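Here the structure is a predicted model, which means the values were calculated and not measured. Chain letters run A, B, ... following the sequence lines, proteins first and then strands; every chain starts at 1.
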There are 2 protein chains.
Amino acid sequence: MVPPVDNLIRSLSRLPGLGRRSAERAALALLRKPELLLDTLVSALQEARASVCCCSVCGGFTSKGHEPCGLCTDATRDDALLCVVEEPSDIFSIERSGGFNGRYHALMGKLSPSKQTGPADLRLGTLSERVARGGVKEVLLALSTDMEGDATAGYIGELLKPLGVRVTRLAFGLPADSGVGYSDPLTLKRAITGRMDV
Amino acid sequence: MVPPVDNLIRSLSRLPGLGRRSAERAALALLRKPELLLDTLVSALQEARASVCCCSVCGGFTSKGHEPCGLCTDATRDDALLCVVEEPSDIFSIERSGGFNGRYHALMGKLSPSKQTGPADLRLGTLSERVARGGVKEVLLALSTDMEGDATAGYIGELLKPLGVRVTRLAFGLPADSGVGYSDPLTLKRAITGRMDV
């Protein structure tokens, strides 16, 4: 294999969702017609690199010079409801669901002993400040449903409850378009615990 | 969505193997820690763009200044056997199989009325020249097993047979780690037609 091609494949395979084989296919497609794919990708990457930053209020992605971001300044959104997410990208997922109309706060990670991420590495100070400033009635924790997400949720609960705010978490249960046969035991157990009247 | 992010997602989703959702995940990962992923990807892309070209003999990828490529100049390979592939990347696939030790010739496509690719768009002239120069005893067509691949194989057969060379094609049959229940009817029909003694 030609070394620069190999190097490109390695760079691409570091992206989530791209294994070695698909990175290889992508690299070869990029090189096959470089003016069509490669050049536009490079300029899109460079443009994004130069102009995208994280909003100083919510931590989500925004264009440089557009701070606070559109979601933080949108007057139609509910200031009393604050959704805490791990990653800036989670904001897009929740927006796409159409089920939330409050403000956001991205932590930039979760508590993780294995990745050596402690409370000081997360945007917890600015979270406390936002809540302490008043106006927020409920903090909805939209965190992962693994052990690290649970630990982070517990930590934030302890942190915010003294401030007199309600702290909630996303419901556990079966995902859409799924069924009992497709669900793992923990999901099922949690769905039973959280069962609802029909 | 922030426009430069959207633009980056669109560029990424044009790569083979990346749908809209995985392009989104990749874009957000690139932006999350740009110095880690985005910068290395941009430089890998730029390096590949600047230094990779197609070998003038076989059409496969090589570094600029290394022409003919390593496969074309390797003295241990068999000059009598020439493998014709559609894309430069197919050469990597065949090399990885370890089943071929001759030379290569990439056509840069296949005959395709729908994509308006005619014989003049393919590297067929240089193929005839290579064969006419003598030394090649067998041309192995490693083309796709769809209608366009069949048409291309037929065309090349007509083109090369007057030159007194044997023209062969990859066997049709069941893929490895598969079975009758997983195979489509045409594959099965071809596997039956090509059945072998045990």
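By number of non-hydrogen pairs under 4.5 angstrom with chain A, the leading residue of B:L12, B:I91, B:D39 is B:D39. Contact count against chain A (heavy-atom pairs under 4.5 Å) is highest for B:L31 among B:T62, B:L31, B:N7. Looking only at heavy-atom pairs under 4.5 Å with chain A, the residue among B:G19, B:S22, B:S43, B:A26 that has the most is B:A26.
Both the backbone and the side chain of A:L8 come within contact range of chain B, judged by heavy atoms closer than 4.5 Å. There is no contact between A:L71 and chain B, counting heavy-atom distances below 4.5 Å. Heavy atoms closer than 4.5 Å to chain A are found in the side chain of B:P88, but not in its backbone. For B:L30, the part lying near chain A is the side chain, with the backbone staying farther off; criterion is any non-hydrogen pair under 4.5 Å. With a 4.5 Å cut-off on non-hydrogen atoms, A:R21 touches chain B through its side chain but not through its backbone.
Taking a 6.0 Å sphere around NZ of A:K161, one finds it holds 12 or fewer heavy atoms contributed by other residues, nucleotides or ligands. By the 6.0 Å contact criterion, CZ on A:R123 is enclosed, its count of non-hydrogen atoms from other residues, nucleotides or ligands being greater than 12. The environment of A:E35 atom CD is dense: over 12 non-hydrogen atoms of other residues, nucleotides or ligands sit within 6.0 angstrom. B:R190 CZ: more than 12 foreign heavy atoms inside a 6.0 Å radius. The number of heavy atoms from other shown groups lying within 6.0 Å of CZ (A:F100) is above 12.
We find the CG-CG distance between B:L15 and A:L38 to be 9.5 Å, quoted to the nearest 0.5 Å. For the atom pair B:R14 CZ and A:L36 CG, the distance stands at 8.0 Å (nearest 0.5 Å). Rounded to the nearest 0.5 angstrom, B:E24 CD and A:R96 CZ are separated by 4.0 Å.
Looking at every heavy atom in both residues, B:V52 comes nearest to A:P4 through CG2-CB, 3.8 Å. The minimum heavy-atom distance between B:R32 and A:G109, with the atom names listed, is NH2-N, 3.9 Å. Nearest heavy-atom pair, A:S11 versus B:L41, reported as atom, atom and distance to 0.1 Å: CB-CD1, 3.9 Å.
B:L81 is connected to B:V85 through a chain of hydrophobic side-chain contacts under 4.5 Å among Ile, Leu, Val, Met, Phe, Trp and Tyr, so both are in one cluster.
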